[in-house]
Engineer: 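Here it is, the structure in full.
Atoms within a ligand are numbered from 1 in the order they appear, just like the ligands themselves.
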Amino acid sequence: MRANLAVAKAHAGAASVWAVVKANAYGHGLANALRGFDAADGMALVEPDAAVRLRELGWRKPVLLLEGFFDRQDVETVSTHSLDTVVHCREQLAMLEAFPLRNRIDVHLKINSGMNRLGFRPDEIAAVHARLRALPGVRQIVLVTHFANADDEANPAMPMAEQVRRTRLAAAGLDAPLSMCNSAADLLHAELAERWVRPGVMLYGGTPGVKTAAQFGLRPAMTLTSRLIAVQQIVAGDAVGYGSRFLAPRAMRIGVIACGYADGYPRHAPDGAPVLVDGIRCALAGRVSMDMMTVDLSAAPAAGPGSEVTLWGAGLPVDEVAQAAGTIGYELMCAVAPRVAVAVREDEQKQ
Ligand SMILES: *Cc1c(COP(=O)(O)O)cnc(C)c1O
């Protein structure tokens with residue numbers, strides 16, 4: 001995580017870096033994020049309770065709520081814990097005007113530059129900026145936007161350059177710094193770094209797209225491992241697992257892995273999805289069940305009960321497993337279930 005943050009910083013130039021730690025640091029745990037990202041300039045996330053937890057764990061640098069506050073109670077939390085906040089809608093603006101803050105905070109005013117998810121229209125920004133400027137609790141106002149296609153910048157439905165154009169138009173004449181870049185924009189568009197960048201997935205060693213994580217110089221932070229708990233010798237025509245999806249084309253050994261969708265492995269992974277057994281690439285064979293999954297051991301004849309299995313991480317990029325399962329690495333990392341035991345490898349921690 002530390003090494004990946006260094007990659008993000010190297011691309012960000014003079015910009016400050018929010019380490020994005022929403023969704024329990026993309027499944028890696030807030031305590032690990034605090035250790036791995038101690039060199040970040042701030043932590044950005046969505047959940048107000050997790051923001052408070054960061055403060056309780058001792059994080060004194062800025063914390064940013066990426067969706068802002070959701071109700072009056074959250075405004076209180078923002079005030080008490082000196083959290084910086086996004087303001088993306090009129091309701092949030094009205095709440096800030098109605099409930100004066102006890103601590104001065106930075107506000108990240110969100111521009112809807114074309115993604116049409118959160119934010120004010122570019123032609124509304126000057127007026128909202130003026131209303132925020134009038135609030136004594138507001139320190140700096142940063143203009144923030146988010147790209148729909150940083151990993152596919154020529155997308156004709158909304159080219160990234162058009163979002164940049166609209167953002168600069170909205171910012172014209174306002175004395176406000178900008179924050180635009182997620183991981184993909186940070187890695188591919190150093191010229192857009194501006195005041196703050198907001199990398200997420202790259203910090204965990206997942207690719208935001210375009211190139212592989214390794215090509216970007218990123219290293220996997222999470223390795224999901226298990227073991228074989230049984231082996232079945234089957235013959236041609238035998239079927240494996242629920243729905244008998246996998247039919248053996250020949251005699252083979254089937255390894256049973258203690259990991260299933262209740263651990264966060266995607267149930268929709270197809271036969272052939274890659275799994276490492278004793279470090280050897282094998283193919284998923286049969287539907288993933290709640291607590292177990294099954295794999296063709298033809299490539300690993302020496303494997304047996306107790307053999308080490310890697311579902312993704314070191315030696316098997318999460319993005320490759322995700323692609324086989326028709327999703328993205330982000331979803332797999334975020335979905336690791338609470339019952340999975342977490343071990344931080346001390347040898348790697350010291351680097
Ligand atoms: C999640 C998020 C990010 C980080 O995106 P990555 O693609 O993981 O780098 C940045 N900005 C906002 C507003 C986000 O919600």
Engineer: Which atoms of ligand 1 sit under 4.0 Å from any heavy atom of Tyr330?
Structural biologist: 6 (P), 7 (O), 8 (O)
Engineer: Group every Ile, Leu, Val, Met, Phe, Trp and Tyr by side-chain heavy-atom contacts under 4.5 Å, then state whether Leu118 and Ile141 land in the same group.
Structural biologist: no
Engineer: Is it the side chain (CB and beyond), the backbone, both or neither of Ser183 that lies under 4.0 Å from ligand 1, heavy atoms counted?
Structural biologist: both
Engineer: Taking 4.0 angstrom as the limit, do Asp41 and Lys61 come out as a salt bridge?
Structural biologist: no
Engineer: Decide, yes or no, whether a salt bridge links Arg53 with Glu47 under the criterion of side-chain N to carboxylate O below 4.0 Å.
Structural biologist: no
Engineer: Looking at atom 10 (C) of ligand 1, what's its closest protein heavy atom, distance included?
Structural biologist: Arg198 O, 3.3 Å
Engineer: Enumerate donor-acceptor pairs with a distance under 3.5 Å from any side-chain N or O in residues 5-18 to protein atoms, sequence neighbours excluded.
Structural biologist:
{"unit_1": "Lys9", "atom_1": "NZ", "unit_2": "Ala39", "atom_2": "O", "d": "2.8"}
{"unit_1": "His11", "atom_1": "ND1", "unit_2": "Val7", "atom_2": "O", "d": "3.0"}
{"unit_1": "Ser16", "atom_1": "OG", "unit_2": "Arg195", "atom_2": "NH1", "d": "2.7"}

Engineer: Salt bridge or not for Arg281 and Glu320, using N-O below 4.0 Å?
Structural biologist: yes
Engineer: Could you tell me, atom by atom, which parts of ligand 1 come under 4.0 Å of a heavy atom of Tyr26?
Structural biologist: 1 (C), 4 (C), 5 (O), 6 (P), 8 (O)
Engineer: Provide the number and element of each atom of ligand 1 under 4.0 Å from a heavy atom of Val201.
Structural biologist: 6 (P), 8 (O), 9 (O)
Engineer: Report yes if Pro208 has an N/O atom closer than 3.5 Å to an N/O atom of ligand 1; otherwise report no.
Structural biologist: no
Engineer: Do Ser113 and Arg165 have side-chain N/O donor and acceptor atoms under 3.5 Å apart?
Structural biologist: no
Engineer: Tell me which one of Met333, Glu67, Lys22 gets a heavy atom nearest to atom 3 (C) of ligand 1.
Structural biologist: Lys22
